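Remarks on the structure that follows.
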Amino acid sequence: QEQLVESGGGLVQPGGSLRLSCGASGFVLPYYAIAWFRQGPGKERKEVSSISTIDGATRYADSVKGRFTISRDNAKNMVYLQMNSLKPEDTGVYFCAASIRYWHDTSGRVYEYDHWGQGTQVTVSS
């Protein structure tokens, strides 16, 4: 059974850091594009970052460029999101998602992703 499981969320003060992890079971990561989406309170779900597990190409939302780093470990079937210099507006539920599409053909839309994790809450507050 294909499954994505996120971990690493929590409460952090502004300026702090968190690392989110996404474990994939039932997938062979190099065949999928992997993304992290964020859904803030009362907001739509939007792509924060994504990665091609084939060639490591990455994409970031403008709001997180220079602060977040996405990475993958294909041998462990894991994808990570290192989040630094966190801001209150980074608050939300973070979802890991997988797409069978070739990453270079994706544009960060929810409908492009076929499999979703249950989400992990990130709260940035003093």
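In what follows, residues are counted from 1 in the order of the sequence shown. As the structure is a computational prediction, the values presented were derived from the model and not from experiment. Any value given below was found using the heavy atoms of this structure, including those in side chains, with hydrogens, waters and symmetry copies removed.
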**OP:** Look only at the side chain of E6 and the backbone of G119, and say whether a donor-acceptor pair between them is shorter than 3.5 Å.
**Re:** yes
**OP:** Determine, using the 4.5 Å side-chain heavy-atom cutoff (strictly less than), whether I70 and Y113 are members of one ILVMFWY cluster.
**Re:** no
**OP:** Identify the heavy atoms of A35 and S50 that sit nearest to each other, and give their distance.
**Re:** CB-CB, 3.6 Å
Subject >> L11 side chain reached by S125 side chain, heavy atoms, under 4.5 Å >> reply: yes
Original post:
Out of E112, R101, R59, which residue meets the side-chain hydrogen bond (donor to acceptor under 3.5 Å, both in side chains) rule with T106?
Top reply: R59
Original post:
So how far is it from E89 CD to R38 CZ, rounded to the nearest 0.5 Å?
Top reply: 8.0 Å
**OP:** Kindly assign one of parallel, tilted or perpendicular to the pair Y94 and F68, based on the angle between their ring planes and the thresholds 30° and 60°.
**Re:** tilted
Original post:
About how many Å separate CD of Q82 and CG of L18, when rounded to the nearest 0.5 Å?
Top reply: 8.5 Å
Original post:
Between K87 and D90, does at least one N-O distance fall below 4.0 Å, as a salt bridge requires?
Top reply: no
Subject >> D55 versus R72, closest heavy-atom pair with distance >> reply: C-NH2, 3.9 Å
**OP:** Nearest 0.5 Å please: distance from the OG atom of S63 over to the NZ atom of K46.
**Re:** 8.5 Å
Original post:
Going from CH2 on W36 to OH on Y80, what distance comes out if it is rounded to the nearest 0.5 angstrom?
Top reply: 10.5 Å
Subject >> CD1-CD1 distance between I51 and I34, expressed to the nearest 0.5 angstrom >> reply: 9.0 Å
Original post:
Which atom pair, heavy atoms only, marks the closest approach of S52 to W103?
Top reply: CB-CB, 3.5 Å
Original post:
Same hydrophobic cluster for L81 and V124, using side-chain heavy-atom links shorter than 4.5 Å among ILVMFWY?
Top reply: yes
Original post:
Taking atom CE of M78 and atom OG of S71, what is their separation to the nearest 0.5 Å?
Top reply: 9.5 Å
**OP:** Check the hydrophobic clustering (I, L, V, M, F, W, Y; side-chain heavy atoms under 4.5 Å; chains of links allowed) and say if W116 and Y31 are grouped together.
**Re:** no
Subject >> Check: T53 side chain, Y32 main-chain N or O, donor-acceptor pair, under 3.5 Å >> reply: yes
Original post:
Cluster question for you: counting only ILVMFWY and a side-chain heavy-atom cut-off of under 4.5 Å, with indirect links fine, are V12 and V93 together?
Top reply: no
Original post:
Is the NZ or CZ atom of R45 positioned over F37's six-membered ring, under 6.0 angstrom from the centre and within 45° of the axis?
Top reply: no
Original post:
With no hydrogens and no angle check, is any side-chain donor or acceptor of R67 less than 3.5 Å from a backbone partner on S85?
Top reply: yes
Subject >> Donor-acceptor contact below 3.5 Å, side chain E47 vs main chain R109 >> reply: no
**OP:** Establish whether V64 and L20 are linked, either directly or via other cluster members, by ILVMFWY side-chain heavy-atom contacts under 4.5 Å.
**Re:** yes
